[in-house]
Amino acid sequence: MPDLRKAELMRRAIALAVENVREGGGPFAALVVKDGKVVAEGANRVTAANDPTAHAEVMAIRAACTALGTFQLTGCDLYTTCEPCPMCLGAIYWARPDRVFYASGKQDAAEAGFDDAFIYEEIELAPVDRRIPMAQLLGIEAAAVFAAWQDKPDRIAY
């Protein structure tokens, strides 16, 4: 038997995404839920805010962390209207929620014009071979940054 509460939460995310489209945003939304209660919502605001990182999951994670006063979402679930893109997947792993539930798959997104396949392909390439070439610069000097971090007695591990 399906969990009716989970379905209700996903329906809320879907309704938020539809509302966001009507208001000029993208067709994605997400909720962060803790102890059965929605602690934050987020909707895609990429074009509305001129911010390529303003994906629904990222917006919801930011809002939830602010609301909960933490940088990790242990004990929380994330409900998102679509299978997370590579950027959002990274943000999710950094935020460490307990579970993620998604409605549409990445193939559904691709059919609607949101195809992230090329990013997954780029990740596998050597940095110099990517569409946006990347080159390391001053790596030895930059080691001082990590040394400073490791020497910091009151650092907060994440």
Side-chain angles (χ1 to χ4, degrees), residues 5-137 142 145 149 155-158:
R5 178 65 177 150
K6 289 177 186 169
E8 176 185 326
L9 290 164
M10 188 60 78
R11 284 188 185 101
R12 171 63 193 141
I14 292 167
L16 183 61
V18 170
E19 177 183 328
N20 194 55
V21 168
R22 290 183 180 139
E23 294 177 359
F28 305 97
L31 313 173
V32 176
V33 177
K34 183 172 180 119
D35 299 326
K37 294 186 170 102
V38 176
V39 295
E41 297 179 337
N44 181 290
R45 304 303 295 162
V46 170
T47 58
N50 293 320
D51 180 353
T53 68
H55 287 206
E57 296 91 338
V58 172
M59 301 297 282
I61 288 168
R62 288 174 181 164
C65 288
T66 297
L68 296 171
T70 183
F71 61 90
Q72 293 185 339
L73 298 177
T74 306
C76 296
D77 291 332
L78 178 72
Y79 289 77
T80 180
T81 57
C82 190
E83 186 176 357
C85 75
M87 178 183 69
C88 293
L89 190 60
I92 289 165
Y93 274 93
W94 280 112
R96 296 178 174 85
D98 289 359
R99 296 176 295 189
V100 175
F101 301 98
Y102 63 91
S104 298
K106 61 184 173 183
Q107 184 59 37
D108 299 312
E111 290 172 10
F114 297 92
D115 192 355
D116 300 322
F118 82 96
I119 298 174
Y120 288 104
E121 293 166 6
E122 290 282 304
I123 290 169
E124 297 298 319
L125 298 175
V128 71
D129 294 328
R130 294 178 179 155
R131 288 186 198 179
I132 301 174
M134 300 179 184
Q136 187 174 18
L137 183 63
V145 175
W149 172 255
R155 72 179 180 261
I156 298 172
Y158 62 97

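Sequence positions, counted from 1, serve as the residue numbers for this chain. Values in this document were obtained by computation on a predicted structure and should not be read as measured data.
Residue-environment remark: CZ (R130) exceeds the threshold of 12 foreign heavy atoms within 6.0 Å.
Inter-residue side-chain proximity for F114 and P27 is flagged as met; some heavy-atom pair is nearer than 4.5 Å. The closest side-chain heavy-atom distance from E57 to L89 is not below 4.5 Å. No side-chain heavy atom of R22 sits less than 4.5 Å from a side-chain heavy atom of E19. Side-chain atoms of Y79 and R12, non-hydrogen and from C-beta on, never get closer than 4.5 Å to each other. Proximity of D51 to V46: side-chain heavy atoms (C-beta onward) are nowhere separated by under 4.5 Å.
Salt-bridge formation is detected for the pair R5/E8: a Lys NZ or Arg NE/NH1/NH2 atom is positioned less than 4.0 Å from an Asp or Glu carboxylate oxygen.
When the options T74, V33, D77, I92 are evaluated for a side chain to side chain contact (heavy atoms under 4.5 Å, CB included) with P97, the one that passes is I92.
Atom OH in Y158 sits 6.0 Å away from atom CH2 in W94 (nearest 0.5 Å). Rounding to the nearest 0.5 Å places OH of Y120 at 4.5 Å from NZ of K106. Between the CG atom in L78 and the CD1 atom in I61 there is a gap of 6.0 Å [rounded to 0.5 Å]. We find the CD-CG distance between Q107 and D115 to be 7.5 Å, quoted to the nearest 0.5 Å. How far NZ of K6 is from CZ of F101: 4.0 Å, rounded to the nearest 0.5 Å. Taking CD of E83 as the start and CG of D108 as the end, the distance is 9.0 Å to the nearest 0.5 Å.
Looking at T81, its side chain never comes within 3.5 Å of a backbone N or O of A13 through a donor-acceptor pair. With hydrogens and angles disregarded, no donor-acceptor distance shorter than 3.5 Å links the side chain of N44 to the backbone of A56.
Heavy-atom minimum distance, V128 versus P133: O-CB, 4.2 Å. The two residues G26 and N20 come nearest to each other via the heavy atoms O-ND2, 2.8 Å. In plain terms, the two heavy atoms of Q72 and C65 that are nearest each other are N-SG, 4.4 Å. Contact between A48 and G24 at its shortest, heavy atoms only, is CB-O, 4.4 Å. Minimum interatomic distance between E41 and L16 (heavy atoms only, all atoms of both residues): CB-CD2, 3.7 Å. The heavy-atom pair separating V39 from K34 by the smallest distance is CG1-CB, 4.1 Å.
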Between C76 and L68, does the side chain to side chain contact (heavy atoms under 4.5 Å, CB included) criterion hold? Intermediate values first, please. CA-CA 10 Å; C76 296; L68 296 171; 3.8 Å; yes

Run W149 and R155 through side chain to side chain contact (heavy atoms under 4.5 Å, CB included) and show every step you take. CA-CA 7 Å; W149 172 255; R155 72 179 180 261; 3.3 Å; yes

